[in-house]
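I have placed the structure first, in the form of structure tokens, so that the comments after it can refer back to it.
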Amino acid sequence: MSRIIKAKALRAKRTVALARWLLGKHLVRRGEDGRVVARMILETEAYDGERDLACHARAGRTRRTAVLYAPGGHWYVYLCYGIHEMLNLVVGPRDWPAAILLRGVEGANGPGRVTKALGIGRALNGATATGRASGLWIEDRGMRVSRRAVSATPRVGVDYAGAVWAGKRWRFVLEAPTKAPGRPRPKSTSAPRRA
DNA sequence: TACTCGATCGGA
DNA sequence: CCGATCGAGTAA
């Protein structure tokens, strides 16, 4: 079972909830040669609105941030540190600038490595993320993610945003699904429940 | 036009 | 820890 994520789904929930929801979905890339590669999304980060001082839209609408104001379902790709391409999924309704940075997928840990691994560059900036047309989309392949398999931490590299915004735990990490039988359930010690 | 500084990474 | 490397944003 495998279905392409539709724009509607990317506009219904709030940005932070979507960042968590994307964990376990698959980033699917069709290359020039027609080969299709799918990697499970393992790490995301939410950027939400002009008020969010870590978000590129903090300075409002500019040539670069224009795509963030598009309705959810487009790609936002930009160059960071002059070297690394960063892949973001624009989410939310039109005119609410928000995006989710894809920081990690199976086999690629780190936003710069994700794009390098899948051959993603700025040519995809503004392209649709909700269909095969752009060669890059997201699929739900039925992976179920339990709440406790996800950890939430502060976003990386945004100290400049100040304590309040840098402190938001808007980075979500899915611990790699393990096939092996889980560790034996910790024997519930018969210790008293309360002191 | 002249600056400054990054949503990072790999190597010393 | 440091340098790479370049475009967006800002000030002038």
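Naming convention: chains lettered A, B, ... in sequence-line order (proteins, then strands); numbering from 1 in each chain. As the structure is a computational prediction, the values presented were derived from the model and not from experiment. Side chains are part of it too, since the values below use all heavy atoms of this structure and drop only hydrogens, waters and symmetry mates.
Per the geometry, CG belonging to A:Asn109 stands 12 Å off P belonging to B:dT8, to the nearest Å. The distance from atom OH of A:Tyr78 to atom P of C:dG9 is 12 Å, rounded to the nearest whole Å. In this structure, the CZ atom of A:Arg64 is 7 Å from the P atom of C:dA8, given to the nearest Å. Across the protein-nucleic acid pair, A:Leu79 atom CG and C:dG9 atom C1' stand 15 Å apart, rounded to whole Å. As rounded to whole Å, 13 Å separates atom C1' of C:dG9 from atom CZ of A:Arg63. Rounded to whole Å, the distance from NZ on A:Lys116 to C1' on C:dT5 is 15 Å. As rounded to whole Å, 14 Å separates atom C1' of B:dC5 from atom CG of A:Asp159. Atom-to-atom, OH of A:Tyr81 to C1' of B:dC9 comes out at 10 Å; the value is rounded to the nearest Å.
Base pairing analysis places B:dG10 opposite C:dC2; the two distances defining the Watson-Crick or G-U wobble pair are each below 3.5 Å.
B:dA7 has its base stacked against the ring of A:Tyr47, the centroids being under 5.5 angstrom apart at an interplanar angle below 30°.
One finds a side-chain N or O of A:Arg103 lying less than 4.0 angstrom from the OP1 or OP2 phosphate oxygen of B:dT8. A close approach under 4.0 Å does not occur between any side-chain nitrogen or oxygen of A:Arg171 and OP1 or OP2 of B:dA7. Between A:Thr62 and C:dA8, a side-chain N or O to OP1/OP2 separation shorter than 4.0 Å is absent.
At most 12 heavy atoms of other shown residues, nucleotides or ligands fall within 6.0 angstrom of atom CZ in A:Arg35. Heavy atoms from other residues, nucleotides or ligands lying under 6.0 Å from CZ of A:Arg141 number more than 12.
There is a path of hydrophobic side-chain contacts, each under 4.5 Å, that joins A:Leu10 to A:Leu27.
A distance of about 22 Å separates the C1' atoms of C:dG7 and B:dG10, rounded to the whole Å.
Donor-acceptor pairing under 3.5 Å is lacking for the side chains of A:Thr153 and A:Arg169. Side-chain contact of A:Trp96 with A:Asp48: a donor-acceptor pair under 3.5 Å is present, judged by distance alone.
Under 3.5 Å, the side chain of A:His84 and the base of B:dA7 form no donor-acceptor pair of N or O atoms.
Across all strands, A:Ala59 comes closer than 4.0 Å only to sugar-phosphate atoms, never to a base (heavy-atom distances). Residue A:Arg122 is classed as a sugar-phosphate contact, given heavy-atom separations below 4.0 Å to backbone atoms only.
For A:Arg113, the listed nucleotide lying nearest its side chain is B:dC9; candidates were B:dA7, B:dC9, C:dT5.
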